[in-house]
Amino acid sequence: MTMKVFVPGDSAARSVGADAVARAIRAEAARRDASVDLVRNGSRGLYWLEPLVEVATEQGRVAYGPVSASDVPSLFDAGFLRGEEHVLSHGLTDSISYLANQERLTFARVGVVDPLSIADYRAYGGLRGLERALAIEPASVISEVTESGLRGRGGAAFPAGIKWKTVHDTQASQKYIACNADEGDSGTFADRMLMEGDPFLLIEGMVIAGLATGATEGYIYLRAEYPDAYRVLTEAIRVAYEERLLGDDILGTGNRFHLHLRLAAGAYICGEETSMLESLEGKRGEIRYKPPLPAIEGLFGKPTVVNNVLTLAAVPLILDRGAAYYAGFGTGRSRGTQPLQLAGNVARGGLFEKAFGLTLRELIHDWGGGTATGRSVRAVQVGGPLGAYVPHWQLDTPLDYEALAERDAMLGHGGVVVFDDSVDMAKMARYAMEFCAIESCGKCTPCRMGSVRGVEVIDRVVGDQDRDKNLVLLEDLCDTMIHGSLCAMGGLTPYPVLSALRHFPEDFEPREGAGGGAGGDERRRAGGALRVVS
Amino acid sequence: MKTSETASAPAAWDPERARAVIREHKELPGALLPVLHAVRDTFGYVAPEAVPLVAEELNLSRAEVHGVLTFYHLFRQSKPGRHEVWICRAEACQAMNGDGVAEHASQRLGTDFHGTSEDGRYSLEPVYCLGNCALAPAAMIDGRLHGRLDAARLDELIAELEENG
Ligand SMILES: Cc1cc2nc3c(=O)[nH]c(=O)nc-3n(C[C@H](O)[C@H](O)[C@H](O)COP(=O)(O)O)c2cc1C
Ligand code: SF4
Ligand code: FES
């Protein structure tokens with residue numbers, strides 16, 4: 001009997017040896033004359049268990065992990081092909097509490113299916129959303145999306161249905177759907193997991209967006225740091241054309257949608273939507289003035305829906321199950337589920353998709369198991385490099401748009417980066433400014449110059465050079481950046497800086513060895529201790 | 001970065017080859033990025049000599065091409081070392097002693113960040129997130145992602161590179 005074995009082909013799983021495990025299983029099976037059908041699935045998102053090997057049994061899929069190639073003979077000895085016990089066994093995958101306690105709507109198939117099998121995709125509910133969208137009026141598709149309460153998952157949380165309606169209502173010879181797959185925020189990897197693990201879902205979402213708005217061309221702007229996602233998407237798009245999910249006759253209905261995959265080139269700012277559009281047009285990724293909104297004048301000057309991967313990937317289910325089903329999850333004006341990404345110094349990092357409303361404490365302690373180092377949590381950065389640091393005494397904050405905004409924080413793309421008590425918050429503040437200096441598009445002065453000055457000023461504060469004066473200067477600088485920047489890069493960088501300063505002022509005390517009016521050498525030394533980017 | 005691990009070794013600069021590569025992509029809407037990617041994939045970098053060719057083929061000024069080329073961190077303009085080592089310097093990796101790994105990489109490879117070792121073997125670049133933040137610290141070596149790094153693991157990976165030439 002042929003046994004089905006799953007070894008993730010997800011790039012993070014591969015980064016810790018999944019390929020070697022897959023090779024070892026094939027070799028060992030051949031040696032023992034065991035018949036194994038090995039599938040390279042996406043990741044379940046239980047990254048501390050990767051490489052996570054699963055075997056399909058009559059009771060369900062049984063999980064083993066983290067498996068290394070050298071464990072493979074003992075797994076065979078123990079009878080893992082029948083789901084037998086082994087020290088690395090976790091029982092039925094679906095019963096692992098981290099997974100069992102999630103509400104996987106968008107990630108329902110990720111880690112379950114063979115990412116490039118359209119048969120799997122259909123068998124697990126794929127294409128039902130598209131079929132429904134094809135059967136109803138574009139305006140009804142848009143109402144479903146609006147009523148579901150879906151807001152942009154890329155960071156700005158703008159209601160998706162309203163954006164779609166603007167594009168729908170704007171007359172033009174050509175319209176576009178541009179998927180933002182630049183995923184530049186530290187601590188985020190959900191777009192990557194989805195594109196590697198269930199690429200047809202994104203394609204289906206984009207086709208539905210095209211049908212709803214009258215756009216017949218789509219672009220995916222993918223960050224160049226994701227070569228595996230590039231490979232999977234390239235192949236998925238090819239299959240999708242073959243299966244008439246894409247092309248001039250979508251599922252035989254005569255509707256058109258063509259999809260192009262484009263690679264970014266390592267500029268964080270190109271995740272901002274207008275910068276992304278410039279980049280797609282082959283230009284420097286400089287921010288455009290708004291208005292006009294991209295929905296009115298976007299790519300190549302035409303009406304364009306710009307949506308994040310997760311926003312588009314939420315749509316097929318909304319069409320399939322109806323707006324009310326999706327809106328039934330969540331709290332307040334944060335409807336549906338949020339794929340949270342738990343990262344950094346955490347024992348059980350991974351993807352945690354759950355209805356809005358989970359608190360940071362529940363996420364980090366109940367599910368994440370606290371820090372990886374075993375020390376106490378000191379600060380958490382939510383929402384990427386432009387997101388505030390939440391101090392450990394505010395961990396009861398729920399992860400929804402409004403609750404975070406009340407604390408001057410933001411959910412962003414759902415990244416949660418945990419730091420233990422060894423973190424130097426002045427260093428993190430300095431890094432935020434430095435990152436802004438490196439990644440600024442250069443179009444406006446508060447951001448371009450302010451960030452460079454910000455680094456210098458923080459160095460002087462901790463170097464005990466005119467400390468009080470420089471602290472005032474830092475506040476002023478932040479204020480100028482917040483109010484004078486053209487986009488959120490310069491406008492939000494002060495949030496991690498100021499949150500670090502407000503919550504952890506003790507970290508901004510003068511450093512040992514730095515004295516008032518210190519000479520150049522000492523200053524450099526103090527600065528050197530803070531430097532992150534070599 | 002090589003955007004594909006299986007990419008063959010970069011070709012030596014060759015204007016004819018460059019022109020052919022450029023022509024393959026120049027008809028795309030907004031062709032400049034795909035063209036620069038293709039040049040980089042072929043030669044490992046975008047040589048200054050490529051700029052006039054790209055400009056001519058795409059009907060742009062050299063200044064425009066140069067402006068775009070220099071905007072993007074990925075498009076290096078000098079020949080990289082035989083192996084490109086990218087170390088993630090972003091927050092999630094910092095939270096897991098990414099700084100230590102970065103420092104070790106710099107020492108072990110014999111180059112600062114943004115530099116290439118004297119023997120031409122290694123180029124070392126900082127990157128800001130590789131999407132491997134739950135398995136931090138992370139690095140990408142010749143287009144291949146690695147996670148849960150520490151100094152010892154990095155040494156192993158480098159030793160593997162040295163074994164394979
Ligand atoms: C500096 C900066 C970087 C951004 N990076 C991304 C990104 O990587 N991915 C993304 O989807 N949105 C990013 N955004 C948000 C986009 O500008 C935009 O709001 C989003 O793509 C719209 O899609 P959504 O409504 O589906 O979220 C970024 C914004 C800024 C200011
Ligand atoms: S805030 Fe920064 S990134 Fe945004 S437009 Fe100004 S310079 Fe460019
Ligand atoms: S922060 Fe290093 S991989 Fe994301």
Side-chain angles (χ1 to χ4, degrees), chain A residues 11-12 14-16 45 47-48 50 183-189 191-192 223-228 230-231 260 262-268 279-286 300 341-346 349-351 372 381 385 415 417-420 423 428 431 435 438-439 441 532-534, chain B residues 1-5 28-37 40 58 60 64 67-68 70-75 86-99 102-103 106 112-114 124-136 138-140 143-149:
Chain A
S11 56
R14 296 181 62 217
S15 85
V16 289
Y47 277 121
W48 77 99
E50 292 288 2
E183 194 161 66
D185 290 358
S186 167
T188 67
F189 44 82
D191 294 352
R192 178 187 61 66
R223 73 196 313 245
E225 291 83 349
Y226 286 178
D228 286 17
Y230 184 77
R231 195 174 35 74
H260 314 278
R262 285 293 172 84
L263 268 184
Y268 177 74
S279 186
L280 279 171
E281 292 182 9
K283 301 176 190 153
R284 291 167 68 88
E286 279 172 12
F300 304 114
Q341 299 129 83
L342 189 49
N345 195 334
V346 64
L351 184 103
Q381 189 176 31
V417 177
V418 181
F419 293 82
D420 73 11
V423 65
M428 300 320 295
Y431 171 80
F435 182 71
I438 295 168
E439 299 296 339
C441 86
V532 168
V533 184
S534 300
Chain B
M1 179 193 74
K2 297 174 184 69
T3 33
S4 150
E5 293 164 30
L28 292 170
L32 189 46
L33 259 75
V35 162
L36 292 174
H37 268 294
R40 180 182 159 282
L58 270 69
L60 297 166
E64 279 172 287
V68 171
T70 50
F71 185 86
Y72 296 96
H73 303 301
L74 185 76
F75 298 135
W86 293 5
I87 305 277
C88 179
R89 311 296 283 117
E91 291 91 336
C93 286
Q94 288 179 43
M96 288 297 281
N97 191 32
D99 291 0
E103 215 164 281
S106 174
D112 287 338
F113 277 86
H114 303 291
L124 182 61
E125 297 292 331
V127 286
Y128 302 94
C129 194
L130 292 163
N132 204 18
C133 334
L135 292 171
M140 189 170 267
R144 171 101 209 219
L145 185 63
H146 300 279
R148 279 188 200 130
L149 290 179

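Letters A, B, ... mirror the listed sequences (proteins, then strands); counts begin at 1. Here the structure is a predicted model, which is why all the values come from computation and not from measurement.
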For this session: Decide side chain to side chain contact (heavy atoms under 4.5 Å, CB included) for F435(A) and E91(B); before the verdict, give the C-alpha distance in whole Å, the side-chain angles of both, and the deciding distance to 0.1 Å.
Result: CA-CA 10 Å; F435(A) 182 71; E91(B) 291 91 336; 5.7 Å; no
Exercise. Out of G349(A), G184(A), G415(A), P385(A), which one racks up the most heavy-atom pairs below 4.5 Å with chain B?
Worked result: P385(A)
Seminar exercise, completed: Scanning both residues in full, the closest heavy-atom pair of F189(A) with C133(B) reads CD2-SG, 4.0 Å
For this session: First locate atom CZ of R14(A), then atom CG of N132(B), and finally report the distance between them rounded to the nearest 0.5 Å.
Result: 11.5 Å
Exercise. Counting heavy-atom pairs under 4.5 Å to chain A, which of V35(B), L149(B), L130(B), T70(B) comes out on top?
Worked result: L130(B)
Seminar exercise, completed: Ranked by heavy-atom pairs below 4.5 Å to chain A, first place among L36(B), L33(B), L32(B) goes to L33(B)
For this session: With sequence neighbours left out, write down each residue that passes side chain to side chain contact (heavy atoms under 4.5 Å, CB included) with E286(A), or none if nothing qualifies.
Result: R284(A), C441(A), K443(A), F71(B)
Exercise. Of the backbone (N, CA, C, O) and the side chain (C-beta and beyond), which part of L135(B) lies under 4.5 Å from a heavy atom of chain A, both, or neither?
Worked result: side chain
For this session: Identify which of G285(A), G350(A), A267(A), G187(A) forms the greatest number of heavy-atom pairs closer than 4.5 Å to chain B.
Result: G285(A)
Exercise. Checking R148(B) side chain against S15(A) main chain: does a donor-acceptor pair fall under 3.5 Å?
Worked result: no
Problem set entry | Proximity breakdown for T188(A) and chain B, heavy-atom pairs closer than 4.5 Å | backbone
Exercise. Who passes ring pair (Phe, Tyr, Trp, His ring centres under 6.0 Å) against H73(B), sequence neighbours left out?
Worked result: none
For this session: Determine the minimum heavy-atom distance between F300(A) and P29(B), stating which atoms define it.
Result: CZ-CB, 3.6 Å
For this session: Taking all heavy atoms of Y72(B) and all of A265(A), pick out the closest pair and write down the distance.
Result: CB-O, 3.4 Å
Seminar exercise, completed: Of all heavy-atom pairs linking E225(A) and W86(B), the shortest is CG-CZ3, 4.2 Å
Exercise. Which pair of non-hydrogen atoms, one from G344(A) and one from M96(B), has the smallest distance, and what is that distance?
Worked result: O-CG, 3.5 Å
Exercise. If every non-hydrogen atom of M428(A) is compared with every non-hydrogen atom of Q94(B), which pair is closest and at what distance?
Worked result: CE-OE1, 3.2 Å
Exercise. Non-hydrogen atoms of chain B under 4.5 Å away: do they reach the side chain of R231(A), the backbone, both or neither?
Worked result: neither
For this session: Determine, stepwise, if the pair H260(A) / L28(B) fulfils side chain to side chain contact (heavy atoms under 4.5 Å, CB included).
Result: CA-CA 10 Å; H260(A) 314 278; L28(B) 292 170; over 6 Å; no
For this session: Using non-hydrogen atoms and a 4.5 Å limit, figure out which bit of E281(A) sits close to chain B: side chain, backbone, both or neither.
Result: backbone
Exercise. Side chain, backbone, both or neither: which part of D191(A) has a non-hydrogen atom closer than 4.5 Å to chain B?
Worked result: neither
Exercise. Would a distance-only check, ignoring hydrogens and angles, find a side-chain to backbone donor-acceptor pair under 3.5 Å from S186(A) to C129(B)?
Worked result: no
